Number of protein chains: 2
Amino acid sequence: MTRRSQAERSDVTTSRLVAAAQELFGRDGYAATTIGAIAAAAGVTKGAAYHHFLNKATLFREVFVREQEQISAALARAATAEPDTWSGLLQGCRTFLEHCLDPAFRRIVLLDGPAVLGWEAVREIEYEHTLRVLTEGLRAATADGRMVDGELRVRAQLIFGALCEAGMLLARSEDPARALPAVVTEAARLLGSLARDPDEHR
Amino acid sequence: MTRRSQAERSDVTTSRLVAAAQELFGRDGYAATTIGAIAAAAGVTKGAAYHHFLNKATLFREVFVREQEQISAALARAATAEPDTWSGLLQGCRTFLEHCLDPAFRRIVLLDGPAVLGWEAVREIEYEHTLRVLTEGLRAATADGRMVDGELRVRAQLIFGALCEAGMLLARSEDPARALPAVVTEAARLLGSLARDPDEHR
DNA sequence: CCAGTTACATACCCACGGTATGGAAGTGAG
DNA sequence: CTCACTTCCATACCGTGGGTATGTAACTGG
């Protein structure tokens, strides 16, 4: 009984298309991935793809959002598992860096995303996901007295930039597992500038 | 007497092509710029472009290097004009941020560069220019006792990432000139973590 | 002065993003 | 149940643009 409702059929094909797109965009990059290839990988034709998505960039945007949802969930999970706000922040950074070891993630989120969607659009999406988690972590740590006051939006952005760069650096090293401590150390040192001992005031 | 040597003719057309490419890539972005348009703007045809450059990416790479040469020179100039290594570092960062107000610079160096040339290639070029200047600034400040020790290569990379993000943030604000102080303050605060009072040891 | 190279222009190919069209399957009103 | 209408998707097609093949005039070295 392959009799399905329209909504069902539609959902199945769209999610198949997005999944195939995520796979191919992540592996080959945006420019080297054709709509035809995505459709074929999803078991449909170009017509189906253009029925559900306005154009290639729109489909890519969908993939980008998916990627954001996945990592922001992982970040939130990692942070809340920690005993206090400060270590939650550090653990979140570590989790982000580990995520950067995935080539598909780097390709989609760090390399192609800004070029394809534009910086503003990308940061707008990220501010609903990754940047939101980071900003809230900073806010919590500040409210906790573990971090000096400041423009949180700006601060989150700067830290995010440093983390992205760190993730790329890490991924490029021949032995990422061994290089991770050094990168984490430097990152923690940078963050350390913002730390404040909750017991003493200076 | 328009009689020119081969080398002369070649140099003229190549530099014209690069100049036109820099203009168009910076204004419209990599994807929206065609080789034909570049050639036309340079007063030649596609044939000339493909005679001097292997492909579109190669031409873009040339433009990218030019952009790097220009900014790294400006950074070095700004830094050496300062009285001490630490303020030289700060002034260099400020100069970089001001450079980010140029849309063409952002487009070529921050957005399209990594996507087109790949992260490794971009950082390899930058390590010969912008990142070199930054790393040397850090080295000088460290040797001067103004900054705590650390993995300079990694540190430069992290700071660079934060600065790029700061530059984008700045450029997107409705009034960059007014937003600059806040961004500089946050950036300086981040850098402050690495500062060390040269007179006291702890 | 001439063989060989360099510097282009012109003409062409084709891959790929996007559109137009057609038809099969589903849906909702009467 | 039926029939107009919509949704979903395939097929066929178009235009643009990156890249190549070819032709040719100008320069160069012997």
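Every value quoted in this text rests on a predicted model; they were computed, and no experiment measured them. Computed over heavy atoms, backbone and side chain alike; hydrogens, waters and symmetry mates excluded. Proteins get letters first, then strands, A, B, ... in listed order; numbering begins at 1 in each.
In terms of phosphate contacts, B:T13 brings a side-chain nitrogen or oxygen within less than 4.0 Å of OP1 or OP2 of C:dC8. An OP1 or OP2 oxygen of C:dA7 is reached within less than 4.0 angstrom by a side-chain nitrogen or oxygen of B:S10. Listed pair A:S5 / C:dG26 fails the phosphate criterion, with no side-chain N or O lying under 4.0 Å from OP1 or OP2.
For the segment residues 39-55 of chain B, residues with any heavy atom less than 4.0 angstrom from an atom of DNA chain D are, sorted by number, B:K46, B:Y50, B:N55. Non-hydrogen atoms lying under 4.0 Å from DNA chain D are contributed by nothing in residues 22-32 of chain B.
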Does the pair A:V133 and A:H129 meet the rule for a side chain to side chain contact (heavy atoms under 4.5 Å, CB included), with working shown?
-> CA-CA 6 Å; A:V133 174; A:H129 300 92; over 6 Å; no
Mind running side chain to side chain contact (heavy atoms under 4.5 Å, CB included) on B:L138 and B:M147 for me, showing each step along the way?
-> CA-CA 8 Å; B:L138 293 176; B:M147 178 177 275; 3.5 Å; yes
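Residue B:E124 places its CD atom among 12 or fewer non-hydrogen atoms of other residues, nucleotides or ligands, all under 6.0 Å distant. Within a 6.0 Å radius of CZ in A:R107, other residues, nucleotides and ligands contribute more than 12 heavy atoms.
Atoms CZ (A:R9) and C1' (D:dT6) sit 12 Å apart, rounded to a whole Å. In this entry the distance linking CZ of B:F60 with P of D:dG19 reads 14 Å, nearest Å. When the P atom of D:dC27 is taken as reference, atom CG of B:D11 falls 15 Å away, rounded to whole Å. For the pair A:I38 CD1 and C:dG17 P, the interatomic distance rounds to 8 Å; values are reported in whole Å. Rounded to whole angstrom, the span from the CD1 atom of A:I35 across to the C1' atom of C:dC16 amounts to 9 Å.
Under the 4.0 Å criterion applied to side-chain N and carboxylate O atoms, A:E186 and A:R189 are assigned as salt-bridge partners.
In this structure, A:T33 reaches the sugar-phosphate backbone alone: every heavy-atom distance under 4.0 Å involves primed, P, OP1 or OP2 atoms, never a base.
The distance from atom CD1 of A:I35 to atom CD1 of A:I38, rounded to the nearest 0.5 Å, is 5.0 Å. Atom-to-atom distance recorded for B:T130:OG1 and B:R132:CZ is 11.5 Å, nearest 0.5 angstrom.
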Side-chain donor-acceptor distances from residues 170-183 of chain A under 3.5 Å, at least two apart:
residue : atom : partner : partner atom : Å
A:S173  : OG   : A:L170  : O            : 2.7
A:D175  : OD2  : A:R178  : NE           : 3.4

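At distances below 3.5 Å, at least one donor-acceptor pair connects side-chain atoms of B:R155 with backbone N or O atoms of B:D149.
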